[in-house]
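Have a look at the structure below, then the notes.
In what follows, every chain begins at residue 1, and chains take the letters A, B, ... in the order their sequences are listed.
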There are 2 protein chains.
Amino acid sequence: MTILESLTISDWLRTELKQGRFPPRMPAHRRVYESIRRAIANEHLTPGTRLPSTRSLAQDLDLSRNTLLAAFEQLHEEGYVVSQVGSGTRVADTLPESFLVLDEAQAQGGQEAAKRPAILSRRGTMAAGPVDQPSHEVQPFTPGEDDFSAFPTRLWRRLLNRQWRDPQPAYLDYGHAGGHLPLRRAIANYLRMSRTVNLTVEQVLITSGTQQSIDLCARMLTDVGDRVWVESPCYWGARRVLEVNGLDLHPVPVDDEGMAPGNRDFRRPPRLIYTTPSHQYPKGVVMSYGRRRLLLDYAASRGAWILEDDYDSEFRFEGRPLSSLQGMDQNGCVLYMGTFSKVMYPGIKLGYIVVPPDLADSFKRGLYELQRPGQVVIQAALAEFIEEGHFSTHIRRLRQIYKERRQLLQKVLAPVATVGARLPPAGSGLHLVVELPAHCDDVRVAELAAEQGLRVYPLSLYGVGEKREKGLIVGYAYAATERITPYGRILADVIQAALSS
Amino acid sequence: MTILESLTISDWLRTELKQGRFPPRMPAHRRVYESIRRAIANEHLTPGTRLPSTRSLAQDLDLSRNTLLAAFEQLHEEGYVVSQVGSGTRVADTLPESFLVLDEAQAQGGQEAAKRPAILSRRGTMAAGPVDQPSHEVQPFTPGEDDFSAFPTRLWRRLLNRQWRDPQPAYLDYGHAGGHLPLRRAIANYLRMSRTVNLTVEQVLITSGTQQSIDLCARMLTDVGDRVWVESPCYWGARRVLEVNGLDLHPVPVDDEGMAPGNRDFRRPPRLIYTTPSHQYPKGVVMSYGRRRLLLDYAASRGAWILEDDYDSEFRFEGRPLSSLQGMDQNGCVLYMGTFSKVMYPGIKLGYIVVPPDLADSFKRGLYELQRPGQVVIQAALAEFIEEGHFSTHIRRLRQIYKERRQLLQKVLAPVATVGARLPPAGSGLHLVVELPAHCDDVRVAELAAEQGLRVYPLSLYGVGEKREKGLIVGYAYAATERITPYGRILADVIQAALSS
């Protein structure tokens, strides 16, 4: 009770009904219902408040008892009040959040609200963002964008054509068995050779990309409320999907050896650990051997699953390719995932998960039930693209292009070190991180860059939880090579100006 | 340091390199790298151990300094060692305090922890089925299977080719704006004309099919524990997705006017109503006008959303096409969805949702965040397929084919009426229902049919909740026209034998 401390509910309700803020022909039971509903929604009637009996209210308000019964019945049906034998009717403890949202929306929208407001669910609200998320507008330096102008479309068309010339009926159907077998075989060979992934073809599932892979793993392996470790900073696409799946996201900091769990984190073991060991996203750190062992041993001992997202290991410019976490795992607790969106083109919508042998069948069924995969013709063309060697050739070519862009960008951005920014060495990937001092407003710096037509992302927006590092994520895959230096100079100027002021 | 307590690292490394447990042609830098890496992995070199400088090692081992530098660089890249100005190179730190926690866990877990059982989450177990669900093996009469041998692959190849000839970069990217605009426009025109759907292009979203459409709606509009009405019997693909989303499925019976909610159902209003008004799946009933009004008014008054799944309205053989529920809605509470998997081919993985105007932006963002849609080239080809009239032509052609198969099947199954089965008249769709008496074990009858090589589905498996009708769902879209009569005769015999015994 708040408004009702000095008034009885009967007195308040009598005033409320008299003031007549109701449409003229609204029946009495509806007015009673509306008055109480609003009071609950506005928290003027607080959870647990006991309402008078319908009998006494009918007397006090001079209304028929049926009117009161009808109003209470509706409040009850809609979950605003609960009633228990012996304790009368009380305002419900857990008010659906949507009711509150609704009232707010109605208050704001005024008459508009009569035409149903757009009410999303809580998870829908999360999914629709735009919390902590840049726009999708692509400009030079937008991270996560590839240069698919380099994609050999003519060759690809030829391969697709070959498939369409005489497609087997199965090619037009849904994909029933975890994906097109030749593609699964090609991926298995590739991962075994290049990524030391330890697998048989049976363990490979073709998905329609990173989001779907993470979503499938989250659903197959976790329930609502389960704890999941994410790196902070972290890929927000992953974070969004995990959040929408109702998981309790626990941020684990990242240091120079990668994801760095400490005692605070070990206290409550997670059900799932989402990590990017080959090239931490977005910071670019490679997870150390010791940290890998630690994660694997910890996960095995606590029955946690590790989801290793190896999203861009193809783009390694220096040193040898690293082995995967999956390849070191002795206990079958790592799921390994990758994508073709960066090497081929984003819209191809093909990725893969390698699951422990025991999970393969369940995952295949889950994949079919939840996503009804298809696009077998494209899978068949991709299998040929890989087996005929075009995939390796294309990767080598992209690696050359991106390496040059990275070097140019590193060079042109180097002067920012003089004003307190830091450019950590990075031997792989499609973006650089410019680390900024803790006091710096990186969102503002990114805005200033955007005013110059350069879209970079503030590192703080990738943070999960309280502690957020400052910096800029600068993608170099999208801008043409000859534009890197002039654009980079503008960006360097923006950073220098921001840090000097 | 453990093995090195009595040896210097130089001495140990010299012995290690001499013992020569390396492939014969392995270069020197790789041998150094491997030796040190193994020692760290075996914990012979413990965290924090300081390594000699490359200069002094080069001297001690009589190797070039570049060899040592290359080895150290890779160890560093892979995170086995860390180096800091002034303190040289050390074996990476592995958080000793974390190992303590770990040891405790291992002590508890004992040997058991070594081999992990395959543990799915509760929702994962639901997703992996196989509760109440037939296999995916396709045989004549398998419901839900189309005859995509009729699909004009040559024409389709030509359209795809045209798109691939000179694809715009955006065609290779993810789909950011709810789908390819020309396709959304083509769909809007088609739905406005053929299905009396009331819409603007802005309300159309392209999804990757029915499962994804239902999943998106469930996530955007409902939270875990929310009540959703489903028809009983119901399409189990929809049911599975709703269940995995944590919803409280409330079965509403279906009568001759379609979904038939009663007082028992009204008691607790749902958040979402999933319905197939044009052609109830699987029973084939068309929802009456009165029932449509009832559902619309009820949903509007209770703030519930209606998801209208218009999955096969293209295949209507008699009478006028029905208007959609969406077209009757005055309150913006209906979401309308359809699919291209039945008219084109299942693996195309394209469907659409029409959402109320207020929801369009949120849904677009949610679609992007949760599914990262793509396949724009195929969307562009499909837009042309529709706009150039091939879509209508193809539907007309399929309609002729399926109408003939349906008539043949109805005729050959007619004798089952003599043993108590019932063949309700059906003017549309791709399957027939053979209703069986309540005492009949329809699962057993379906098994008997399967023994004859005919896959039909028992109606009771589509039921939700306790009350389940008996019958057989017989698809006629997949079997070739000339096989319908001979196969149908076998099926009729099976049914007659089962009911007579």
Side-chain angles (χ1 to χ4, degrees), chain A residues 115-116 118 120-124 127-129 136 148-149 153 157 164 167 172-174 176 209 211 219-224 240 244 246 257 263 266 286-290 294 297-298 300-302 319-320 322 331-333 345-347 349 358-359 362 365-366 369-372 374-376 427, chain B residues 40 47 74 77-80 92 94 97-98 101-102 105-106 109 113 116 118 120-124 127-129 136 148 153 157 164 167 169 172-174 176 209 211 219-224 240 244 246 267-268 331-333 345-347 349 358-359 362 365-366 369-372 374-376:
Chain A
K115 265 200 101 185
R116 162 190 293 269
L120 303 180
S121 60
R122 286 189 296 280
R123 59 185 169 195
H136 299 310
F148 30 83
S149 71
T153 48
R157 178 158 64 99
W164 274 112
L172 300 185
D173 204 353
Y174 295 121
H176 281 189
Q211 305 304 100
R219 287 174 148 178
M220 296 306 291
L221 301 176
T222 69
D223 281 307
V224 170
R240 187 62 51 97
V244 170
E257 296 185 52
N263 280 338
F266 293 125
V286 176
M287 191 182 285
S288 69
Y289 179 80
L294 170 70
D297 291 347
Y298 180 74
S301 72
R302 298 308 176 98
R320 254 158 248 279
L322 299 170
N331 298 289
C333 59
Y345 56 97
K349 293 303 300 156
D358 286 354
L359 292 180
S362 310
R365 288 201 300 274
E369 283 307 315
L370 298 175
Q371 303 180 359
R372 290 279 193 282
Q375 301 292 10
V376 183
Chain B
I40 295 173
Q74 183 159 7
E77 286 279 348
E78 298 191 3
Y80 289 103
T94 49
E97 84 274 13
S98 336
V101 176
L102 192 59
Q106 279 170 335
R116 152 189 302 271
L120 301 181
S121 61
R122 287 189 297 282
R123 59 185 170 196
H136 298 309
F148 31 82
T153 48
R157 177 158 65 100
W164 273 113
L172 300 185
D173 204 354
Y174 296 121
H176 280 188
Q211 305 303 101
R219 287 176 147 177
M220 296 306 291
L221 301 175
T222 70
D223 280 308
V224 170
R240 186 63 49 98
V244 170
R267 214 166 292 154
R268 197 178 131 207
N331 298 289
C333 60
Y345 55 99
K349 293 303 299 158
D358 286 354
L359 291 181
S362 309
R365 287 201 301 273
E369 284 306 315
L370 298 175
Q371 302 180 1
R372 290 278 193 285
Q375 301 291 10
V376 182

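The closest donor-acceptor contact from the side chain of B:K349 to the backbone of A:Y174 lies at 3.5 Å or more, if one exists at all. Judged by distance alone, the side chain of A:R123 and the main-chain N or O of B:T222 form a donor-acceptor pair under 3.5 Å.
Heavy atoms closer than 4.5 Å to chain B are found nowhere in A:S149, neither backbone nor side chain. Both the backbone and the side chain of B:P169 have a heavy atom closer than 4.5 Å to some heavy atom of chain A.
A distance of 4.5 Å separates OG of B:S362 from CG of A:L120, quoted to the nearest 0.5 Å. If you take CZ on B:R219 and CZ on A:R122, they are separated by 15.0 Å, rounding to the nearest 0.5 Å. Atom CZ of residue A:R240 and atom CG of residue B:L370 lie 8.5 Å apart, to the nearest 0.5 angstrom. Atom CZ of A:R157 sits about 11.5 Å away from atom CZ of B:R157, to the nearest 0.5 Å.
Counting heavy atoms from C-beta outward, B:D173 and A:Y345 have side chains that stay 4.5 Å or more apart. Side-chain contact between A:L221 and B:S121 is absent, with no heavy-atom pair separated by less than 4.5 Å.
Per-residue counts of heavy-atom pairs under 4.5 Å with chain B were compared for A:P346, A:G246, A:G124, A:G209; the largest is that of A:P346.
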